[in-house]
There are 2 protein chains.
Amino acid sequence: MSEYSQFCPIAKAMELLDERWTILIVRELLSGSSHFNEIRSGNPKMSSALLAKRLRALVRYELVDRHEDGNRVVYSLTPAGLELRPIVESIGIWGTRWAADLGDQDLDPQVLLWDVHYNIDHGILPPGRTVVQFVFPKAEPHLRNWWLVLTADEADICDADPGHDVDVTVTADLRAFAAVWMGDRTWPNVLREGAISIGGPETLRRAFPSWLKLSMFAGVPRVPAEL
Amino acid sequence: MSEYSQFCPIAKAMELLDERWTILIVRELLSGSSHFNEIRSGNPKMSSALLAKRLRALVRYELVDRHEDGNRVVYSLTPAGLELRPIVESIGIWGTRWAADLGDQDLDPQVLLWDVHYNIDHGILPPGRTVVQFVFPKAEPHLRNWWLVLTADEADICDADPGHDVDVTVTADLRAFAAVWMGDRTWPNVLREGAISIGGPETLRRAFPSWLKLSMFAGVPRVPAEL
DNA sequence: CAGTATCCCTTATGATACTG
DNA sequence: CAGTATCATAAGGGATACTG
């Protein structure tokens with residue numbers, strides 16, 4: 001932490017919060033991640049060494065608690081960390097309104113599907129296990145195929161075939177999928193246009209879009225285009 | 001700006017906002033600063049070169065507008081920049097609750113008085129000009145004496161004697177003054193204890209505390225001490 | 001799984017001085 | 001007033017490999 005030498009509470013807060021990646025780590029913890037590699041899944045471009053360093057700092061600032069549970073390590077937000085939620089949400093709302101232009105490098109399938117897997121409407125899934133395969137034909141080969149394994153109380157994202165039978169196959173243009181997820185386009189619109197196609201038994205195919213709750217920022221009112 | 005390569009609006013926003021000093025510059029603009037050296041006054045530890053660089057970036061991101069008015073340069077927030085207010089405020093609220101421990105290096109008289117000068121209750125000042133001298137006996141010699149020049153519509157802070165007759169002299173322990181400003185202590189309390197003393201004609205001396213509105217975060221509910 | 005350890009190259013930025 | 005210019009050093013962080 002480098003210091004601003006100001007009594008101002010905004011400055012005192014930013015001493016703890018303005019390092020690169022810090023807010024994104026808090027976002028992951030607020031979303032439900034609690035293990036080192038879960039946080040990495042939501043931030044795949046961050047190196048392991050850097051995440052370890054940031055987590056150590058967050059524990060030192062008493063925003064995050066580190067707890068060993070058997071052979072696993074569990075990270076969780078302290079009361080101070082939990083109260084960062086209004087900050088993180090207002091940043092997301094602002095970003096949705098004013099920083100929503102995505103470059104090609106922003107369309108990372110892993111980050112997108114990681115967000116998706118935390119926002120599944122488990123209540124309306126078919127009974128048992130449902131496997132959705134995502135194919136992003138234009139992505140780099142190793143980022144092209146993903147499997148989402150859904151049960152009544154879990155959602156797992158895999159970048160390797162988990163071996164189960166696939167129930168639904170979603171072939172998508174990544175930009176179109178992100179636009180649906182963010183509430184900028186609708187399922188009927190992208191399906192009609194062919195930017196996304198859904199394969200599988202008709203019942204499942206038709207049900208699939210309803211399984212995904214959208215991004216928590218999908219409903220944010222947008223800035224009207226200038227006339 | 002370095003990039004996170006994530007579609008997430010929180011990440012897209014932080015690409016613009018998480019560089020050191022950026023939020024503090026926005027804070028100054030939200031408080032009412034519009035000139036280069038006003039922003040510096042609120043951030044005296046930032047070098048001129050660095051402020052220039054940050055301002056160029058903020059203009060590039062379209063959060064700040066730079067406008068030449070005759071021979072002066074005027075900075076103002078764009079619509080996108082103005083919408084940062086909820087973020088900055090929630091950061092300040094959080095900082096007040098969870099990052100309020102001040103080290104000695106945080107007690108910078110200039111930053112504190114700069115905040116004070118933006119929060120004067122001009123409506124209840126005596127008519128004409130009122131000059132308040134602040135003395136912080138324990139501060140470094142060059143930060144020990146300050147003059148606050150108040151009129152019906154202006155408040156100026158000087159670190160050199162502006163030459164006017166002084167109406168009120170406030171001799172203060174800086175930590176006590178910051179505590180009053182932040183709402184952690186009351187005027188009666190610090191006056192009784194002698195941590196601050198006010199000199200001058202009795203009417204003015206008694207009126208002085210009411211001229212200062214407190215920090216905008218003075219009313220934030222604090223975290224109850226653990227039992 | 002949850003990290004460490006190194007190496008090495010950029011960036012960032014503090015200090016100082018200068019300018020139209 | 002509103003910046004530039006230059007230098008020197010510190011910090012940041014990517015790549016890669018390794019570990020209990």
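In the text below, chain A, chain B and the rest are named by the order of the sequence lines, each starting its count at 1.
As a whole-Å value, the separation of A:D18 CG from C:dT13 C1' is 14 Å. Straight-line distance from the CG atom of A:L24 to the C1' atom of D:dG13: 15 Å, rounded to whole Å. Following rounding to the nearest Å, B:D69 (CG) and D:dC1 (P) show an atom-to-atom distance of 15 Å. Spacing between atom CD of A:E3 and atom P of D:dA11 amounts to 13 Å, rounded to whole angstrom units. The distance between atom CG of A:L58 and atom C1' of C:dA2, rounded to the nearest whole Å, is 16 Å.
Every residue two or more places apart in sequence or in another chain that forms a salt bridge (Lys or Arg N to Asp or Glu O under 4.0 Å) with B:E68 is listed here: B:R66. Residues forming a side-chain hydrogen bond (donor to acceptor under 3.5 Å, both in side chains) with A:N37 (at least two apart in sequence, or on another chain): none. Here A:D18 pairs with A:Y4 under the side-chain hydrogen bond (donor to acceptor under 3.5 Å, both in side chains) rule; sequence neighbours left out. Every residue two or more places apart in sequence or in another chain that forms a side-chain hydrogen bond (donor to acceptor under 3.5 Å, both in side chains) with A:W98 is listed here: B:E83. For A:W211, the side-chain hydrogen bond (donor to acceptor under 3.5 Å, both in side chains) test picks out no residue, with sequence neighbours left out. Scored by the salt bridge (Lys or Arg N to Asp or Glu O under 4.0 Å) test, B:D159 finds no partners at all (sequence neighbours excluded). Every residue two or more places apart in sequence or in another chain was checked for a salt bridge (Lys or Arg N to Asp or Glu O under 4.0 Å) with B:R20, and none qualifies.
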Using a 3.5 Å cut-off and no angle test, enumerate the donor-acceptor pairs between side-chain atoms of residues 85-95 of chain A and protein atoms at least two apart in sequence or in another chain.
residue, atom, partner, partner atom, Å
A:S90, OG, A:P86, O, 3.0
A:S90, OG, A:I87, O, 3.0
A:W94, NE1, B:A80, O, 2.8

Name the atoms and distances for all side-chain donor-acceptor pairs under 3.5 Å in residues 112-124 of chain B, with sequence neighbours left out.
residue, atom, partner, partner atom, Å
B:W114, NE1, B:E28, OE1, 2.8
B:D115, OD1, B:N119, ND2, 3.3
B:D115, OD2, B:W181, NE1, 3.0
B:H117, ND1, B:W114, O, 2.7
B:Y118, OH, B:S33, N, 3.1
B:Y118, OH, B:S33, OG, 2.8
B:N119, ND2, B:D115, O, 2.9
B:D121, OD1, B:G123, N, 3.4
B:H122, ND1, B:T151, O, 2.8

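Taking side-chain N and O atoms only, A:R54 has no distance below 4.0 Å to OP1 or OP2 of C:dG3. The phosphate of C:dA12 has neither OP1 nor OP2 within less than 4.0 Å of any side-chain N or O from B:R20. In this model, the phosphate group of D:dG3 is approached by a side-chain N or O of B:Y75 to a distance below 4.0 Å at OP1 or OP2. Side-chain nitrogen and oxygen atoms of A:R56 include at least one within less than 4.0 Å of the OP1 or OP2 phosphate oxygen of C:dT4.
With a cut-off of 3.5 Å on both pairing distances, the Watson-Crick and G-U wobble pairs of DNA chain D assemble into stems of 3 or more at C:1-20 with D:1-20.
Heavy-atom distances under 4.0 Å link DNA chain C to B:L50, B:K53 of residues 26-53 of chain B, given in residue order. Contacts between residues 103-117 of chain B and DNA chain C, counted as heavy-atom distances below 4.0 Å, involve no residue at all.
For B:K45 and B:D108, the salt-bridge test passes: some basic side-chain N is under 4.0 Å from an acidic carboxylate O. Look at A:D104 and A:R175 and you find a salt bridge, because one of the NZ, NE, NH1 or NH2 atoms lies within 4.0 Å of a carboxylate O, short of that distance.
In this structure, the nucleotide among C:dA12, D:dC1, D:dG3 sitting nearest to the side chain of B:R72 is D:dC1.
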